[in-house]
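Below is one structure, written out as structure tokens; comments come after it.
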Amino acid sequence: MEHSPVTTNPLIIMMINMTVVFIVLISLIYLIKLIHFLDPTKKPAKPQVTDEEEPLVAVKSEPAPAPPPVIEEGIKPEVIASISAAITAYGFAGQVKAVRIVNHEGTAWRASAKFNTLQRK
Amino acid sequence: MEHSPVTTNPLIIMMINMTVVFIVLISLIYLIKLIHFLDPTKKPAKPQVTDEEEPLVAVKSEPAPAPPPVIEEGIKPEVIASISAAITAYGFAGQVKAVRIVNHEGTAWRASAKFNTLQRK
Amino acid sequence: MEHSPVTTNPLIIMMINMTVVFIVLISLIYLIKLIHFLDPTKKPAKPQVTDEEEPLVAVKSEPAPAPPPVIEEGIKPEVIASISAAITAYGFAGQVKAVRIVNHEGTAWRASAKFNTLQRK
Amino acid sequence: MEALNAFSVSLQAVWNDSGFSAFTMGNGIMILVGLLLLYMAFVKEFEPLLLGPIAFGCILANFPNTGFFGEEMNVMKAINYGITYEIFPPLIFLGIGAMTDFSPLLARPSTLLLGAAAQVGVFVALGGAMLVGFDVHEAAAIGIIGGADGPTSIYLSTKLAPHLLGAIAVAAYSYMSLVPLIQPPIMKLMTSQAEREIVMTELREVTKFERVVFPIVSTIFISLLLPPIAALLGCLMLGNLFRESGVTDRLSDTAQNALINIVTIFLGTGTGMTMSAESFLRTDTLLIIGLGLVAFMGGTAGGLLFGKIMCKMTGGAINPLIGSAGVSAVPMAARVSQLVGMKSKPGNYLLMHAMGPNVAGVIGTAVAAGTMLAMLK
Amino acid sequence: MEALNAFSVSLQAVWNDSGFSAFTMGNGIMILVGLLLLYMAFVKEFEPLLLGPIAFGCILANFPNTGFFGEEMNVMKAINYGITYEIFPPLIFLGIGAMTDFSPLLARPSTLLLGAAAQVGVFVALGGAMLVGFDVHEAAAIGIIGGADGPTSIYLSTKLAPHLLGAIAVAAYSYMSLVPLIQPPIMKLMTSQAEREIVMTELREVTKFERVVFPIVSTIFISLLLPPIAALLGCLMLGNLFRESGVTDRLSDTAQNALINIVTIFLGTGTGMTMSAESFLRTDTLLIIGLGLVAFMGGTAGGLLFGKIMCKMTGGAINPLIGSAGVSAVPMAARVSQLVGMKSKPGNYLLMHAMGPNVAGVIGTAVAAGTMLAMLK
Amino acid sequence: MEALNAFSVSLQAVWNDSGFSAFTMGNGIMILVGLLLLYMAFVKEFEPLLLGPIAFGCILANFPNTGFFGEEMNVMKAINYGITYEIFPPLIFLGIGAMTDFSPLLARPSTLLLGAAAQVGVFVALGGAMLVGFDVHEAAAIGIIGGADGPTSIYLSTKLAPHLLGAIAVAAYSYMSLVPLIQPPIMKLMTSQAEREIVMTELREVTKFERVVFPIVSTIFISLLLPPIAALLGCLMLGNLFRESGVTDRLSDTAQNALINIVTIFLGTGTGMTMSAESFLRTDTLLIIGLGLVAFMGGTAGGLLFGKIMCKMTGGAINPLIGSAGVSAVPMAARVSQLVGMKSKPGNYLLMHAMGPNVAGVIGTAVAAGTMLAMLK
Ligand code: NA
Ligand code: NA
Ligand code: NA
């Protein structure tokens, strides 16, 4: 299905494509809102659907009163960013309670594996 | 090798197939008994070959004097079964002495890996 | 490009092949020496390039003053060798400071994984 | 002006080539079927590892104009190739072999009879399918649903009735997940309280010799007798050898993890991709689903019946409840035996004993498939 | 005498069939290019997972007389097959899907606008490429570099301009690594200090329902609208479902480890193998590299511009710095947003907020590719 | 009556299509050969990872009527494809490269001479094979057994003498396992007590620069000189780069685990599948086994002889015992050097020093294979 392009004007081609991209992604926005609206599991405590910026996991991801890190001159900002990101990451990691056990799962095969361990004596 | 079926009577087809399945699996029973009979590693203490139901790992898999679990009404039996299975499984797991190290083995490649670790300093 | 062999004399074929193998591997020796010569990261403390047998990691791989293991008669030498190799290996392993974390690495994907853990709460 | 014109022509072209313009009622219904299967897989947890990819494959297959089934090779066509030429099911069996412990079967080989008896469901469904009008090839492929072995079902369907593959795979995996619902009523109906309370003696210890020799000898015997399943059975037993040899843990580990997972993704997606509206939205599909249930119930009843016979013949040494585990669906059916046994008499652990018929059922279904292929192919 | 003669004839024959005798200037330069790419991959750490194999493949492809491109099948030809028929990119996307968390996007769907706006780079480069003389198919393949998505770039190039694959892949992966250098100056130029200091409110919690339904619904919607990217998007979302379903961790783990690593080795090496002197040593390659930079800068600017608009429209609730993350390059671009934000106001953590546009950019680029395929293919 | 008749006709049909009816004496003997190989693999632990699947493949190949070698594609035929077109050996080498540490070789490059000298076994066997009547292609394939490198042997056999593949692979892997029995007597015979007691000075430290540059430079040099082994050597060195680059651990890990294990299963099974009675049950096979032993002994002697020469020329700095490690069979031959050294003088650790010739032997054998391909192909 090789089409001959309708136009050879680069600007028009750009505009057409860009328009389609925006139409599709804007449609996705509404789809996501629809999913959220239809979600039977969402917390009823939430005041309004439209208030979607409301924090719920706030304290965890941004410890607000944390003192701003002292940045010494001469150190590359990338380094500082990565270090603070790492610390944050590990700090959070420490709070993780339940770690997913990858490579196994709670259905037949896992049970089978467990059973076999047990079986072999 | 597309054969034209010998008969179109479903009942006869069923019987023929079922018979073959039984013949094959019954032959397997005797093969397994033969393997057991020929087994050069089997414990000589065992009184008779035919007494194949004799327990040897008994105490481990079924702690006989364990009190029957108290089952409260209202809890689904599936839940109880799975919990007791899990406890049993973990109980046994606690008794496992040597855990297989998967993904490695005691031959050339493993030695190579170990050697390399050692090598790199 | 099926050639008809130049000669059918096995001895000559052997010699030709052997010669090529030696030429290639001897060239590799010089390539390795060249790499070492050009190496911008090599320790300047090293007295001469040609003195390539000079030990630097010596103490680690062969603890020279270690008393020779007492070998009892009747034990197969393979067993002794493998045991001493194992001890050596574990001894060294104990000195390893930083263990490579396989299956992950310090770039985008790892960060992404870490981020996601953090994200999910 | 040119811009505006080009604009509308282009948007029109995108729309014309989109899936929406070629969308049929059949596509719509099949996508709904896919969504239903996803719900069963992920919410109801019906064999999610297989039914998940099958469902997603079904949805993908019903988008028009994707070119998945065109002349040119693409990733979906490559996956489909592995289905059409039965490349994936043996590789799945390699991993299953590496996960399977045949010890309970070797300790009490008589349980092979239960694994054979449970195949009665296969043949009841075969007969039933012929009675409702399927030809003998289709009937055999439908019957195998009663074997409760996904890869064997896919293998046999591909060989005998590829147009029914989607429906058969869906039925097989669905009923395998429903074993805890299907079996208990039949088990209670067919056994007496006294039978259910039978406590079985412990299994003897099985030597490494037996565990290594069994897969080799059984491969030789069965493959010589039934060559059409040599690939399937050979891979199952090769995987089991990797597990039992003690010196190939590396291969055993890969067979039961990376390899089986990769192939599972492809097998599931590829099977789902065969679910076109034309082949799935027929009364045949409903008949297959109905016959599958008959097959499962028949297999359960067959195993229990033989369990009762063995109970009689051994003077009460065998608890008939382990008979229903012969349908395979490892290890779910064995756990159902355990559950029903414990409900009748708390503390009566049947799990180990039911694992014998359970793994025997895997072999039994492969043999049944081989028998049908030998007779029909 | 015979020996000596045979000796010299044989050595001569080995030399004549060696790569040295057929070595061209082009081969030499391409091997140098490969070495330079290796340096970038391993020393400069520019996406070493992909650029490493690409570089090595480039070197391998430029040894004469290896027979890699001959009639007979061989391992390199088999790998190349997976490139030519677009088999590898969807499998990479399966793993990326299993690694991706769409929660930040679902919590604040408006960031999809930033993911769309960042595609402006794609179309700026498309236009630029047409202006400098590339035909529209080539221009589209070049433009997609601005999407900062390696697999999508390879997928689109293979379909629209296979002769440019090497240059496009190299440009795409190189610029993806250069995001921390390319973006900050543009970000500082286009935003005010006040804008950069905006602290955003927390993201709401996203339910499992949303995380599971989103990949399904978006696959259906986008694949129906743009069938040419159904394979790519379908695999991305299938991988994400494996991650989010909660019952297929086994498949998720394999998709994001063993499978993606194996395919990455093949995809990289195979892409590098397309880098012949004839296709790479042209001014076109320099133009592509230049246009790629334009595309990245354009995408960054587009995202920032839309960020500023959203900032205005929400009364300052959106920090425009997260706009630049819309080019994807997950998660590097999001970390750049975080970095620049923290430099303007220590303690201003934008990482979470930037992940929304970041994953939106992956979808945006796939949609852009689909749009161009729908219009041009 | 109809039932009984159908019954006996059907059973007859099953029997007629079974493997038993078409079973030949050759099949029987080959299955016994397979069982013997399984015994060697699993009980005697002769390279079980390869010899196990080879043995099982041999058994599978000798079941009649399986259709494995028919027109239609099936899993075994697909595996065989990877053998016939030399797709698997390079992928195995990718993993081996990721497992190999070239540091001891880089620290003392002169040990490459020992790796070259040990190839004398290859050429002794080549000459011997021609003398007993093999043609030059067959002789080259047989000779390579002396290289003690399984994948290289399979690669070369497939190219030069595919009908001998089974025998050559079995001989190669068997003798590799027998290195601890074959080498020590020759080592004691050819060296004096004084030579065996030489303590070697420590190896210098090798930099990351050297470890990264070596695989790149050696790939370029050797592949240009000997293009027929570019795939093999390129994959070895690409795997080694994944290991040494420090930024591609993810790929290194997969190359040396999931990928090599999967390919090992296929390579072994596929190699075993080539073992038909017609090609294996010939006096040629016995000759190959005999010549393989000659090759191994010749290689050991060659390495030792050169070790003695180097010992002399360095004024006693080199212990000639490390020469025998040049046959490769990594790391077994190096451990044999260590063992014999320690028996002569307790505390004399030669392991590190022997790893140099050991990995040099891998390169040496690949070069020998390349030389023969360049001259014969
Ligand atoms: Na079954
Ligand atoms: Na993007
Ligand atoms: Na060698």
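In the text below, chain A, chain B and the rest are named by the order of the sequence lines, each starting its count at 1.
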Check: Under the side chain to side chain contact (heavy atoms under 4.5 Å, CB included) criterion, do F:I83 and F:M273 qualify, and how do the steps go?
Finding: CA-CA 10 Å; F:I83 301 283; F:M273 297 284 296; over 6 Å; no
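For chain D, the nearby part of F:A41 is the backbone; its heavy atoms alone come within less than 4.5 Å. At a 4.5 Å heavy-atom cutoff, D:I229 makes no contact with chain F through either its backbone or its side chain. Looking at F:L38, only its side chain comes within 4.5 Å of chain D, counting heavy atoms on both sides. Heavy atoms closer than 4.5 Å to chain D are found in both the backbone and the side chain of F:M73. Interface remark: F:F20 contributes backbone and side-chain atoms alike to the contact with chain D (heavy atom separation under 4.5 Å).
Among F:I59, F:V75, F:I262, F:L259, the residue with the largest count of heavy-atom pairs under 4.5 Å with chain D is F:V75.
Inter-residue side-chain proximity for D:V213 and D:I216 is flagged as unmet; no heavy-atom pair is nearer than 4.5 Å.
Pairing each heavy atom of D:P89 with each of D:P151, the nearest pair is CB-O, 3.7 Å. Between F:I145 and F:G292 the shortest heavy-atom distance is CG2-CA, 3.9 Å. Contact detail for F:F68 and D:A230: the closest heavy-atom pair is CZ-CB, 3.8 Å. In terms of heavy atoms, D:F69 sits closest to D:A61 at CE1-O, 3.9 Å. The two residues D:I96 and D:I260 come nearest to each other via the heavy atoms N-CD1, 3.9 Å.
D:F102 pairs by the ring pair (Phe, Tyr, Trp, His ring centres under 6.0 Å) definition with D:F214, not counting sequence neighbours.
We find the CG-CD1 distance between D:L49 and D:I54 to be 11.0 Å, quoted to the nearest 0.5 Å.
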For a quick check, list the donor-acceptor atom pairs closer than 3.5 Å between chain D and chain F, or say none.
from, atom 1, to, atom 2, distance (Å)
D:L224, O, F:G19, N, 2.4
D:R250, O, F:N261, ND2, 3.3
D:R250, NE, F:N261, OD1, 2.7
D:R250, NH2, F:Q256, O, 2.5
D:R250, NH2, F:N261, OD1, 3.4
D:T254, OG1, F:N261, ND2, 2.7

